[in-house]
Amino acid sequence: MSDLPKAYEPKEIAESIYARWLQDQTYRADPSSSKPAFSIVMPPPNITGVLTLGHVLNNTLQDVLSRKARLEGYEVLWLPGTDHAGLATEMVVERSLRKQRGIGRKELGREEFLRLVREWREKHGRIIVEQLKKLGSSADWSRERFTMDADYSRAVQEVFVALYRKGLIYRGKRMVNWCPASLTALSDEEVLPREEQSNLYFVRYAVEDEPGAFLTVATTRPETIPGDTGIAVHPEDERYRKWIGRRAVRPFPHGSIPILADAAVDPAFGSGVLKITPAHDKLDFEIGQRHKLPIVDVLHPDGRMNCPSVPELDGLDRFEARKKAASLLEEKGLLAKIEPYLHTVGVSERANVPIEPRLSEQWFLRYPKAEEALRVVRERRIRFFPEHWEKVYEHWIENIQDWCISRQVWWGHRIPVWWKDGSHLCQVESPGPEWVQDPDTLDTWFSSWLWAFETMDPATRRKFYPTSVLVTGPDIIFLWVARMIIAGLEFRPGRGPSLEENIPFRAVYFTGLIRDRLGRKMSKSLGNSPDPLALIEKYGADGLRFGLLRIAPQGQDIRFDEKQIEEGRNFCNKLWNACRFRARFGPIAASARPWEDRLSPFAVEMLSALSQTGIRLETAFGAYEFSEAAGLLYSFVWNDFCSSFLEAAKVDLSQDRSPTASGTLAAFDYALSWILRLLHPFCPFVTEELWNRFELGPSTLQFAGWFSAAEARKLDERLADRKEAALLARSIYQAAERGRHLRSTYGIPSNQKVPFLLRADAPLANAERTVLAALSNASEIADVDGPPPKAPMVLTAVGELYLPLEGILDLDVERKRLTNEKEKLARNWQAIQDRLHNPEVTARVPAEKLKAWKEQARQLESAMRRLEDQLNELSQ
RNA sequence: GCGCGGUUAGCUUAGCGGUAGAGCGCUCGCUUCACACGCGAGAGGUCAUAGGUUCGAACCCUAUACCGCGCACCA
């Protein structure tokens with residue numbers, strides 16, 4: 001065993017350990033294994049991505065689950081990969097193309113541009129994967145997949161063809177969300193609402209053949225007036241009823257449009273009159289359809305005006321045109337007023353510009369299996385953690401809309417449809433040279449919804465599908481989670497026909513969102529997102545992982561504070577140093593059986609705390625309460641193991657021939673070997689390093705077994721006849737704490753040894769007395785029969801403890817302290833008495849509880865009596 | 001507008017019917033032979049507000065306020 005450095009230095013250790021893990025292929029999942037299966041598919045990060053704290057959280061959780069499962073004896077598959085991220089990648093590459101060569105993708109041409117994208121991907125597309133390795137991720141990298149892999153691409157196209165043949169995919173001219181920056185259609189899920197301060201323009205439309213009469217329309221978009229093909233009012237609206245059926249004058253270009261009645265118009269909003277622009281608004285389009293209005297498109301795809309009939313507007317950007325249109329109306333005296341107006345506009349998630357509702361011909365999918373998808377979650381065949389996401393999911397499924405799956409993007413899975421002379425064929429292979437493939441590609445999510453099974457070969461599927469759990473963020477619950485469920489149910493990749501065999505995962509764990517210390521979302525523009533690699537450099541991957549998980553409660557957003565990562569590192573160092581302490585007393589016994597030894601009360605107490613921790617851990621993990629689990633381990637290691645047991649053990653181990661010394665070492669080693677394994681999922685590097693340095697078992701602890709609740713109970717049973725000892729240890733700890741309090745009250749520095757006196761309730765054995773002395777830094781603890789003169793006193797669980805302070809005792813101070821203490825107890829006692837003497841309480845509360853309260857009252861009485869005696873003593 | 005979360009010490013949070021708990025930060029004392037990435041002690045909370053249920057409420061119910069998220073065609 002080599003000497004341990006004074007502090008844990010993660011940098012030197014992590015790299016070589018990870019290299020060894022990779023070399024030993026410890027993460028390779030074996031489909032032919034006889035072990036039970038545990039599997040997770042990694043949500044594939046975009047190839048444009050770099051590691052963020054969100055990724056760290058997400059992947060650490062998956063790693064914790066995977067590593068724990070390995071320790072428990074499962075055959076584990078954690079399947080990693082990356083997503084081609086069609087639009088995002090295309091934007092990144094096109095931006096650099098413009099920067100370097102001043103041209104866009106159109107000028108370059110499709111083939112040449114795609115060559116550039118592939119080149120870019122080769123160069124940058126796996127950065128994030130390498131970063132995930134720095135985190136310690138135990139994914140099976142030999143199975144790393146990419147959504148544009150040849151076989152995966154083929155599967156995507158086959159799925160398209162299959163759905164097409166079932167009549168679920170159709171081509172239609174409909175209103176879609178058009179992104180004028182990226183020049184593509186988007187699905188509803190890729191449009192985010194954003195509050196925007198804008199104006200409501202009140203515009204006068206004259207009634208034809210009715211001089212002086214006009215209807216005032218309220219609109220946020222005066223630039224679309226040239227596209228108006230009607231105005232509408234509510235059929236019941238008394239104010240406008242008389243005008244229904246007449247015609248109005250469109251301001252520009254000057255024209256005649258009908259005034260119609262439609263129940264979709266809200267009479268209470270604005271003026272109650274709606275202008276109808278069927279080409280540029282979803283509701284207007286629907287009203288237009290009902291009344292057979294013409295559709296006049298006045299915008300180019302890039303958002304510039306396309307209306308030669310109004311030369312003042314033609315060619316202007318839509319926002320410029322809005323101002324211009326307002327001033328045109330002003331000139332004509334048709335602008336009644338402008339009101340400031342706060343409303344939400346849909347914004348393209350990627351390009352961050354307002355989307356434009358636009359009539360366009362696209363491919364749509366009518367979702368199959370919506371009913372089943374609802375059922376598997378409702379019936380908890382797929383469990384959501386936290387559960388409240390079920391409602392959000394249900395609401396979406398119940399209101400499910402057809403999915404616009406075509407994108408006017410080049411980088412992606414090209415739609416397997418072939419055109420010739422206006423007719424088309426849907427098949428993967430080209431029907432012949434005279435056929436031209438549809439230029440569009442598929443929505444990226446149309447490939448990632450297959451991720452849970454198209455990443456697996458048949459043997460792997462047989463063993464590992466359905467996966468055990470999916471760990472992801474709630475922001476993609478519709479984009480990805482819901483669609484994956486539908487895909488599993490539709491394509492049935494499972495072993496048999498049942499729902500259970502075909503769902504993509506049995507559980508979904510939704511992480512919280514990481515915010516900064518002020519509660520703001522992390523964003524590049526705010527510059528408030530720390531670089532995880534810098535954090536790893538500074539605190540080690542173990543520190544980052546443990547620190548982050550400890551503050552990541554289930555279902556809530558996480559306020560990130562670097563302090564907490566520092567704590568994680570400090571914790572690793574604490575563990576390191578506990579081992580360093582142990583190393584002074586010879587080699588660690590790999591398979592210690594402390595219960596067969598003579599044990600000090602302190603060892604029994606620690607082992608019993610370990611057992612409790614094991615039982616609670618199982619509950620926490622079962623409920624996916626990772627921060628709870630991390631907290632339990634933190635508290636056990638720091639408080640029970642180090643602060644209490646280890647300090648008490650110093651006494652045992654420094655004495656020659658202490659009869660309990662070997663038991664103490666055995667307890668130490670037994671607990672330590674479990675601590676390392678229990679912590680390994682959270683802190684893989686430091687635990688592996690310590691395990692190896694102390695040769696605690698096989699060359700890696702990754703498969704070394706798990707301290708299950710069953711194992712914990714077994715330990716508890718082995719200690720069953722020593723419960724008294726554990727109780728005694730706790731009493732000593734408590735007495736030491738009270739003693740230290742007394743010292744501190746009287747300003748005795750912690751490095752100064754002083755004698756204590758003890759009037760013990762029961763005779764205290766020498767060993768326990770020595771520990772009590774050590775923990776309270778007493779030079780000695782001598783027995784007394786009665787209160788010594790003028791000495792401050794505290795009540796402890798083993799008797800009254802006195803601090804003889806010849807001459808320096810301030811009687812007033814001490815009397816006040818004791819009186820305060822007594823009053824506190826008295827208040828407590830009174831509260832219990834009130835309860836016990838209230839017939840309504842005694843009639844209802846179970847006898848067991850009453851008994852406990854009575855016992856509590858008795859103890860309080862005894863304590864109060866002793867304090868009273870001491871007060872009398874001081875008064876003499 | 002509807003729905004779902006949240007509101008506990010300066011900060012991050014646990015507790016979800018029987019006397020408010022932790023970590024960090026802060027104050028004070030310690031280089032005590034594993035650890036100053038440490039040890040010891042202390043101060044600090046009308047548990048968002050108002051009602052209700054209950055013998056008893058941070059905890060259950062009902063409103064209100066603020067924060068966050070989701071959904072929605074109100075131009």
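No hydrogens, no waters, no symmetry mates; every other heavy atom, side chains included, goes into these values. Protein chains get the first letters and strands the later ones, always in sequence-line order, with residue 1 at the start of each. No experiment lies behind these values; they were computed from the predicted model shown.
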Problem set entry | Euclidean distance for P, rG44(B) against rG6(B) (whole angstrom) | 30 Å
For this session: Scan A218(A) against the nucleic acid and name what it touches under 4.0 Å (heavy atoms): base, sugar-phosphate only, or nothing.
Result: base
For this session: Among rG25(B), rG23(B), rA75(B), find the nucleotide with the atom closest to the side chain of D266(A).
Result: rA75(B)
Exercise. With under 30° as parallel and over 60° as perpendicular, where do the rings of F546(A) and F571(A) fit, or are they tilted in between?
Worked result: parallel
For this session: Measure from the ring center of F478(A) to the ring center of W396(A) and say whether it is less than 6.0 Å.
Result: yes
Problem set entry | Residue among Y634(A), F602(A), F581(A), F668(A) satisfying ring-ring contact (aromatic ring centres under 6.0 Å, His included) with F641(A) | F668(A)
For this session: Please measure how far the C1' atom in rA50(B) lies from the corresponding atom in rU12(B), and state the result in whole Å.
Result: 29 Å
Exercise. Among rC35(B), rC55(B), rC37(B), which nucleotide sits nearest the side chain of E647(A)?
Worked result: rC35(B)
Problem set entry | Separation between the C1' atoms of rA9(B) and rG51(B), rounded to whole Å | 27 Å
Could I get a table of every N or O pair under 3.5 Å where one atom is in the protein and the other is in nucleotides 71-73 of chain B?
none

Problem set entry | Chi angles and distances behind the side-chain contact (heavy atoms from CB on, under 4.5 Å) call for L335(A), V203(A) | CA-CA 5 Å; L335(A) 191 57; V203(A) 183; 4.3 Å; yes
Exercise. Considering heavy-atom distances to RNA chain B, does L274(A) or S750(A) have its closest nucleotide positioned more toward the 5' end?
Worked result: S750(A)
Exercise. Does a salt bridge link K563(A) with E566(A), judged by any charged N lying under 4.0 Å from a carboxylate O?
Worked result: yes
Exercise. Does any N or O donor sit under 3.5 Å from an N or O acceptor when you compare the side chain of K574(A) with the base of rC35(B)?
Worked result: yes
Exercise. What integer number of Å spans the P atoms of rA43(B) and rG23(B)?
Worked result: 14 Å
Exercise. At under 4.0 Å between heavy atoms, what does Y341(A) touch on the DNA or RNA strands: base, sugar-phosphate, or nothing?
Worked result: sugar-phosphate
Problem set entry | R835(A) and N838(A): side chain donor to acceptor below 3.5 Å | no
For this session: Scan L646(A) against the nucleic acid and name what it touches under 4.0 Å (heavy atoms): base, sugar-phosphate only, or nothing.
Result: base
For this session: Side chain of K6(A) only, please: which of rG29(B), rU12(B), rA36(B) is the nearest?
Result: rA36(B)
Problem set entry | Same-atom distance (P) from rG29(B) to rG10(B), integer angstrom | 24 Å
For this session: Determine the Euclidean distance between corresponding P atoms of rA14(B) and rG5(B); express it in Å to zero decimal places.
Result: 16 Å
Exercise. Using atom P of each nucleotide, how far apart are rC61(B) and rU7(B) to the nearest Å?
Worked result: 14 Å
For this session: Run the salt-bridge test on R221(A) and E223(A) with the 4.0 Å N-O cut-off and return the result as yes or no.
Result: yes
List every contact pair, protein side and nucleotides 44-48 of chain B side both N or O, where the distance is under 3.5 Å.
none

Exercise. So what does W576(A) hit on the nucleic acid, given a heavy-atom distance under 4.0 Å: a base, only sugar-phosphate, or nothing?
Worked result: nothing
Problem set entry | Polar side-chain atom of N199(A) near backbone of I338(A) as donor-acceptor pair, under 3.5 Å | no
Exercise. Using atom P of each nucleotide, how far apart are rC33(B) and rC39(B) to the nearest Å?
Worked result: 14 Å
Exercise. Does the distance from a Lys or Arg side-chain N to an Asp or Glu carboxylate O, for E821(A) and R817(A), drop under 4.0 Å?
Worked result: no
For this session: Ignoring hydrogens and angles, state whether a donor on the side chain of Y8(A) or R569(A) is under 3.5 Å from an acceptor on the partner side chain.
Result: no
